[in-house]
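No experiment lies behind these values; they were computed from the predicted model shown.
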Protein chains: 2
Amino acid sequence: MSETTDRTTAKRRSATIIDVAKAANVAVGTVSRYLNGQTIRRSNREQIETAIHDLGYRRNAAAASIRTDLTHMIGFLVPTFDEFHARMLEHLARSVRQTGRALITYCHGGDPRIVAEALDFFAAQRVDALVMDGTAEVYHRVDDLITHDVPIIFYNNDVKGLAADRVMVENQKASYRVVKHLIDLGHQRIGMLTGNPANSSAVERLLGYEQALTEHGLPIEPVLTVRGNWVYEGGYQATKRLMQLETPPTAIFAANYNMAMGALGWFKESGLRVPNDISLVSFDDVDIFRLFDAGITAVAQPVARIADTITDILVERLADPSGSHNRTTVLECDIILRGSTRRLT
Amino acid sequence: MSETTDRTTAKRRSATIIDVAKAANVAVGTVSRYLNGQTIRRSNREQIETAIHDLGYRRNAAAASIRTDLTHMIGFLVPTFDEFHARMLEHLARSVRQTGRALITYCHGGDPRIVAEALDFFAAQRVDALVMDGTAEVYHRVDDLITHDVPIIFYNNDVKGLAADRVMVENQKASYRVVKHLIDLGHQRIGMLTGNPANSSAVERLLGYEQALTEHGLPIEPVLTVRGNWVYEGGYQATKRLMQLETPPTAIFAANYNMAMGALGWFKESGLRVPNDISLVSFDDVDIFRLFDAGITAVAQPVARIADTITDILVERLADPSGSHNRTTVLECDIILRGSTRRLT
DNA sequence: TTGTAAGCGTTATCAG
DNA sequence: CTGATAACGCTTACAA
C-alpha cells in the first residue's frame, strides 16, 4: 500500500505544466496540446505521459479557465433539498456529468440575502450557466448575470420577463385532471392546500383546481383554499383549518408532497382514515406514497425528463452562445392512481 | 425594470480589475486591496465603488485562486442523494456557506469509474477540501489527493488507513440498543437487513446486532441476516426471504431507511401488519416514519451535528494546513421509540 | 508537429 | 496608504 507520503515538507508546490514540459523535454505548448487531446508525436506523448505520472501532475482548472473563459461548472440554486429537488439534483448531476461538467450547489432556504449571495458567488466563479428554481425577488440580480452572458435555465418556478430558458411542467393541466378525478368520484366540496403564491407553480396549480371546479359547475369557495406554503407544518395547519370548517371538505388536494404529509399527519392525530373519512390527492409522487394504507394518488412530475431537457438546452446554449434561445419547454405529468380517494355515494 | 440590456455585441469582455482601476484613477493594487477588505483612503474607496458599480465589475474567482491557491470550494462526494445524504447536503451546504465557501457536488451512484472521475475533477478544480462518504475502492486516488495536501473528511463510512479526518456515528452502539429493545420485548428470532458489507457502517451495524443477540444468550443464525445493499429493492427481497423461512423472525432490524421501506413494501403486499404480525425497527429516522400506522421505531442520526462537526474540522484544517489533524469524531445517535414493535407474550 | 512568447485577471512584493 | 510590476499556470497565436 502506498505509504502516506512524506508530509514534512511544509507546502509542496504541486507540479505545473512547465515542470512536465521540462521533465519530458518538450515545450509547454506541446504539453498543453497533449492535455487538450490534440495530436502529438508519439514519442513525445509517451514522455509526457510518464512525466505526468512521475510528477503527479494535475491540471489546474482555474488557470485554464482564466484563459478560455470556461469553467465547466454549472450553478444549481434551489430553495431546499426536499424530495423533489433532491431527485432533480441527482438526475441533473448525472446528465450534466456526462457532458463533462459538474454542479455547484447552493441552497437558499427562501432567504433573499442568501439568494443574492449565491448569485454573486456564481458570478465570481464564472459558472458556465445557472440552473435555478425561479424566485421572484431575484429579478435584477439574475438579469445582471444574463447581461454577463451567463445562460439561465429556470425550472419548477418561472420568473417572467427575463431572457432565459425554461423547463416547466403542466401544472395547471395536471392539477385540473387530478381534481377532476375527485369530482368524477362525486366530491363536491374539495379543499386545497396551496403553495406560496409568489411561485408560479403555486398559482398554476391553484388555477387548475379552480378550473376543474368551475367547469363542473362547482362554486369556488375561498375558505376551501388554504395556504400551506409548501411545507409540512403549513400543510398540517391548513388541513386542520379545513377540517374544522363548519362543513369540512370531503377531499383535499395538496399542491406538493410536504403539505400532503402534513395533511396525513393531522389526519393521523385526529383519527381520520384515508380514504374512508377523507380523500387525499397530491402533487409530486414519491415512492413512499405506495406504502400508505391505500397508497396516495398523486401527480408524478417527470423528474428525469426535466433534468435531461435542462441538460440538452445547456449543451445547445453553451455550444452556441450567440444564439438567443429563449425557449420554454413544458412537460406533461402523469397521474398515479392509488387508493387514497373514495367514491362518494 | 432594467431593460434586457443590449446583447447585440457578440461577446462583451467583462470588466476586469484593470478597467476598474482606470475608471477610478487608482492602481490595480489599490483596487485589489479594496476588494480584499483592506483599508483604503476614503476618497479612493468611493471612486472604486462607483467604478465597480458602473462597470458591473465582478471579481474573477479563478484568477484569484491561481495566485492564492484557494478556491473556497469544498468537494462533496456521495453515492446517492437519498434521504440521508440529501439532509446531509442541506445542512452541510448551510454551515459551509457561513464560512464563505460553497460545495461542488458529485454523485457517483456506486460506479468506481465515476468516483475516479469525481476525484480527478476535484483535483483539477483545486477544491480546498473534500468531504465524502467513504468507499473502499478509492484508497489510492484519495491518497493521491492527500499527497497534494487536500484535507479529506470522511463521514458515514470510513476508509481505513488514510490520513484523513472522520466524522462518524456510533453505529454499533445504536444498533445494539435498538436490537436490545426488541429483545427486551421478548423477541428471540430477529432478522436483519444488512447494507453493503464493503461499507464500514454496514459492518458496524451488523456487529451491534450480533452483540445484542450474544449478550442476551441468543444464537447468531446466518439465515437471519440477509444482505439488502442499502436499497429499497434489496430490502424488499431480503424481507421476503426472511419471512419465507421455515421459522420466520418475529422482528426485523433494517440497517437503513431504504431497506426499511422495502420491508414495509413487502409487508403491505403480503397483508402483514406492523406491529401486529411483525415488528420493525430501522436505522435512519425520517419524518414520514411518524405517519405510518403506528410509527416506525428508528435510530436517528444527528445529521445537523455531523454537518456542523465536519465544518468545524474543515475550518480548523484550512486555517492551519501544516498541522496534521487526523481526528475521528464519533457522534451518538438517538433512538426514537414509536409503535412499530410489540411485546411478545 | 513543435517551440516561443504574449496574454488571461488576480494577488503580492517592494519602493515610495 | 499607494503605484508599478512580477508572478501564478495555462492556452493560443505565430513562426519555424
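With hydrogens and angles left out, the side-chain atoms of H108(B) and D111(B) include no donor and acceptor closer than 3.5 Å. Under the 3.5 Å distance criterion, with hydrogens and angles disregarded, a donor-acceptor pair is assigned to the side chains of D82(B) and H85(B).
Contacts with DNA chain D (heavy atom under 4.0 Å) in residues 20-32 of chain A: G29(A), S32(A), listed by number. Scanning residues 40-62 of chain B for heavy-atom distances under 4.0 Å to DNA chain D yields I40(B), R41(B), N44(B).
Put simply, OG1 on T71(A) and CG on D128(A) are 3.5 Å apart, with the number rounded to the nearest 0.5 Å. To the nearest 0.5 Å, the span separating OG1 on T30(A) from CZ on R45(A) amounts to 13.0 Å. Once rounded to the nearest 0.5 Å, the distance linking CE of M168(A) with CG of N157(A) reads 7.0 Å. Between I66(B) atom CD1 and I66(A) atom CD1 the span is 5.0 Å, to the nearest 0.5 Å.
In this structure, Q38(B) atom CD and dT11(C) atom C1' are separated by 10 Å, rounded to whole Å. Distance, R126(A) CZ to dG9(C) P: 9 Å, rounded to whole Å. N36(A) places its CG atom 16 Å from the C1' atom of dT2(C), with the value rounded to the nearest Å. As rounded to whole Å, 14 Å separates atom C1' of dT10(C) from atom CD of Q125(A).
In 5' to 3' order, the nucleotides of DNA chain D bounding all contacts with chain B (an atom under 4.0 Å from a heavy atom) are dC1(D) to dG9(D).
Of the two residues near DNA chain D, R33(A) and I18(A), the one whose nearest nucleotide lies more 5' is I18(A). Along DNA chain C, the nucleotide nearest I66(A) and the nucleotide nearest T39(A) are compared for position; the residue whose nucleotide lies closer to the 5' end is T39(A).
In this view, Y57(A) satisfies the ring pair (Phe, Tyr, Trp, His ring centres under 6.0 Å) rule with no residue, not counting sequence neighbours. Looking at residues two or more places apart in sequence or on another chain, you find a side-chain contact (heavy atoms from CB on, under 4.5 Å) between R317(A) and P151(A), D165(A), I313(A), H325(A), N326(A).
The overall bend of the helix from dT1(C)-dA16(D) to dG16(C)-dC1(D), read as the angle between its terminal helix axes built from five base pairs each, is 30° when rounded to 10 degrees.
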Using the side-chain contact (heavy atoms from CB on, under 4.5 Å) rule, take I52(B) and L35(B) through it: C-alpha gap first, then chi angles, then the decisive distance, then the call. CA-CA 10 Å; I52(B) 285 178; L35(B) 291 172; 4.0 Å; yes
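A salt bridge is defined here as a Lys NZ or Arg NE, NH1 or NH2 lying under 4.0 Å from an Asp or Glu carboxylate O, and E46(A) with R42(A) meets this definition.
Residue contacts shown for S65(A) are absent, as no nucleic acid heavy atom lies under 4.0 Å away.
Residue side chain R67(B) does not reach the base of dT10(C) through any donor-acceptor N/O pair under 3.5 Å, judged by distance alone.
Classified by interplanar angle (parallel below 30°, tilted 30° to 60°, perpendicular above 60°), the ring pair F121(A)/Y106(A) is tilted. Between Y155(B) and F76(B), the ring-plane angle classifies as parallel under the 30° and 60° cut-offs.
The side chain to side chain donor-acceptor pair (under 3.5 Å) test with Y34(A) singles out one residue from E49(A), Q47(A), R41(A), and that residue is E49(A).
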